[in-house]
There are 2 protein chains.
Amino acid sequence: MLRGAHIVLVEDDEIMGASLLQRMQLEGAEVIWHKQAQRALGAIRTPRSPIDAVICDIRLPDGTGEELYNTLCQTSAPPPFLFITGHGGIDQAVRLIKAGAADYVTKPFEIAVFLERLAMLLSQRPKGGMPPLLGVSPAAQRVDELALKAAKTDRPVLIVGGPGTGKELVARRIHQASDQRAAAFVTVNLAREADPESALFGSGGAWDQVGDGVLFLNALSRLPEAAHLALLDAMEGGFGGRIIASCGQEMAEIIASNDARADFFYRLNMVEIPIPPLGQRTEDAVWLMQQLYPEMNAARNRPLSGVSSLCIESVRAHDWPGGGRELRARLQRGVENASGDLLQPLDIFPETLIQPGRGQTLAEARDAAEKARIIDALAQTDGKISKAAEMLKVSRTTLWDKMQKLGIEVKSR
Amino acid sequence: MLRGAHIVLVEDDEIMGASLLQRMQLEGAEVIWHKQAQRALGAIRTPRSPIDAVICDIRLPDGTGEELYNTLCQTSAPPPFLFITGHGGIDQAVRLIKAGAADYVTKPFEIAVFLERLAMLLSQRPKGGMPPLLGVSPAAQRVDELALKAAKTDRPVLIVGGPGTGKELVARRIHQASDQRAAAFVTVNLAREADPESALFGSGGAWDQVGDGVLFLNALSRLPEAAHLALLDAMEGGFGGRIIASCGQEMAEIIASNDARADFFYRLNMVEIPIPPLGQRTEDAVWLMQQLYPEMNAARNRPLSGVSSLCIESVRAHDWPGGGRELRARLQRGVENASGDLLQPLDIFPETLIQPGRGQTLAEARDAAEKARIIDALAQTDGKISKAAEMLKVSRTTLWDKMQKLGIEVKSR
DNA sequence: AGTGGGTGTTCGGAATTCTGAACATCCATA
DNA sequence: TATGGATGTTCAGAATTCCGAACACCCACT
């Protein structure tokens, strides 16, 4: 689905153009079709509405797509270009991609494949309308729905999710979407307060500030048992606002082991919003990176030219135990310290450099051991290969072979 | 002219390879030619000298150039890759360029054109004139780059690396390269302090001495949790200097298991400098030996005439669990006690004479290494054979086979 | 009782490694 | 200069290792 996407199609062939136009419109995109490079140039330079992508043929009656792209690059940062061509050369493809084109497809192509690549490209653009809160995955969308539903009531909400899953984000969203959005939003991070009780109920504490607003209690499980009753009492006593609390998965265990606390938690858990960990929502991790990247990149002296596809794969594959916080921190570091022109996996995961033994395959371990042993034997035989072979109980030729493979040389010095 | 450029050529075709090799050597380049992906992988990971470019065929007897490139990207920042292939597709070219490959050329090509593109690629490489800090490997160069970059800010730095990797060296380099080089550099080795907290904040402690200088905290993971808050507070309170901390790999586990510490960690980890272990930077081990050797040799009554090539190989093959510290100690002992006129492997690794290595057959050495690696892998996967097999890159049945043969059992615990 | 995921075991063919034979070289030395 | 012993190289067949498919089995979960 390309609903709402603004696309410019530059294609002189009537049949091809019409077919693409129809197909993309069917998918819900708004498409403007130009048949000449000059016209397209103007349309892209001064668009009626922001352009999300350009589909561009190379051969055009009054020039080439490549010229069009280059011209645009001179004066502005063009929207993502997806080139399609029937007479493409590898050189041209390489040149264009290196120049920053988003993709390059040769005709004839499967329309389904084409649409998929287009969709992939568009998913990187921030969407207009209501921006997703946590991501684009079904799970994230569902969290969003739950938050909006919760906003319509004023019952207490419990947000459950691992570190860095955006619990506070959801809490704020609930507040913003509610009728009380004008009222205060007071956060108390119980994990960070030395004395949670006074932070809540002390004079000038959270309870004094919140009024009819929202009191957001982060890390609820850290609230000492002694404060439970005080909190429940305060809620009963003509409290006009609402409580939104959050915690990790540890709740389940606490509840199971402690009846008294269970009761308390159920009181706050009238509405529960579970947020799956980021590692299980790989699409969201990628999406989040693409949200954060442009701004971070812009802050560089010499901006990077992009994010390598391998890098995206590595982000997809990572577990993100630290959730969005980890992703943000890693990305920040990576973008700042990137060594090349493209962001690479190593920039984001520098620690892969230092994991020893890990990842060493059996063959590698074997080779290393053999190499060490061979060198050893050679040392004992003063470099005599035949003797060493005998000592190692292999034929001379085998030893010779291995020395070649492992890169062992015996020269006088 | 490619004078002085170090190039790795990966090409299985004899004729093509020989021709390219000859041509590039004529132009003055130093070229290393590999015909198998596996060997090339090793050579690029741990080169004899810094590699300026890799010329890589796609089709290889034991894999594809694309796989080679992807594998490299996982664990290191590869040198520029120029792919050459006879059976190239546009899709492949697009994919590779998006993944960060430098160029892509299809065979047959004009050798002149090829050389031109190669030269273009090489001309982009900046020549560093600074003496290396940790070594000549790409990884060491990268550490150096990161250190210099870190010197330009005053944000906290975290240096991560195993024993003897030169963490303090890097910290001092950062200080020296910064604008504050005149200020103090105060080291606190938390592993050695009985009472870390008072060593830091006690009267006359490190915090009193540091002023606007650098406070270097070695073994950060030893800092008791209670001191975290104090440190963060101290950093906030008008601290004009900067913190550089170091730790081993154990930090990752601590973070994963403890949300509160994660926060603290991210505060200190604004810039992360990972130092790979010396055993994975074989060229640096050799380089370091060559740095240290002359001086040690000069201290002898009757100086040695040199270092045997086998000795260099043995240094390359050892995995240096103790890092540079171990190397220095061994070399010192070896040079002092050398029996012959050349430094031999036995001088540096005397224990090979008495240890099981003696008389061990190649097959035995191999089996021993396999056994150790398998046990290690099983430990990491909590005894899951399938997972371990995957990690070791062998089939499950093969692993099972080997376990039988080597007498490894997984007890239920 | 059913189901799914992992383990223990077997087997045949594919892939590889190893080996001995053969031969050209090189080099110190008789 | 002849000679013996070592190295560098190729080769084809033997030996082995490796893999995937298949199947029984166990056990935790439902």
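Naming: A, B, ... by sequence-line order, numbering from 1 per chain.
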- [ ] Can you sort out the partners of A:E272 under side chain to side chain donor-acceptor pair (under 3.5 Å), two or more places apart, ordered by chain and number?
- [x] A:N269

Task: Contacts of type salt bridge (Lys or Arg N to Asp or Glu O under 4.0 Å), residue B:R366, not counting sequence neighbours - done: A:E370

Task: Partners meeting side-chain contact (heavy atoms from CB on, under 4.5 Å) with A:T397 (sequence neighbours left out) - done: A:S395

Open item on the list: For the helix from C:dA1-D:dT30 to C:dA30-D:dT1, what angle separates the axis at the start from the axis at the finish, each from five pairs, in steps of 10°?
Closed with: 30°

Open item on the list: I'd like to check the side chain to side chain donor-acceptor pair (under 3.5 Å) partners of B:D347; sequence neighbours left out, ordered by chain and number.
Closed with: none

Open item on the list: Mind checking if A:K387 touches a base, just sugar-phosphate, or nothing, with heavy atoms under 4.0 Å?
Closed with: nothing

Open item on the list: If the cut-off is 4.0 Å, is B:K402 near the phosphate of D:dT17, judged by side-chain N/O to OP1 or OP2?
Closed with: no

Protein-nucleotides 10-14 of chain C N/O pairs under 3.5 Å:
none

Task: Those residues that, when tested against B:A369, pass side-chain contact (heavy atoms from CB on, under 4.5 Å) (two or more places apart) - done: A:A369

- [ ] For A:S386, report the nucleic acid contact type (base, sugar-phosphate, nothing); a contact means any heavy atom under 4.0 Å.
- [x] sugar-phosphate

Task: Under the ring-ring contact (aromatic ring centres under 6.0 Å, His included) test, residues paired with B:Y293 that sit two or more places apart - done: none

- [ ] Ignoring backbone atoms, test whether B:S395 places a side-chain nitrogen or oxygen under 4.0 Å from the OP1 or OP2 oxygen of D:dC18.
- [x] no

Might you list the N or O atoms of the protein lying below 3.5 Å from N or O atoms in nucleotides 23-29 of chain D, with each pair's distance?
none

- [ ] Apply ring-ring contact (aromatic ring centres under 6.0 Å, His included) to B:F81 and list each qualifying residue two or more places apart in sequence or on a separate chain.
- [x] B:Y69, B:F83

Open item on the list: Please enumerate all residues that pass side-chain contact (heavy atoms from CB on, under 4.5 Å) together with B:I32, with sequence neighbours excluded.
Closed with: B:H34

Task: Within residues 63-75 of chain B or reaching into it, pairs that qualify as salt bridge (charged side-chain N to carboxylate O under 4.0 Å, His left out) - sequence neighbours excluded - done: B:E66-B:R95

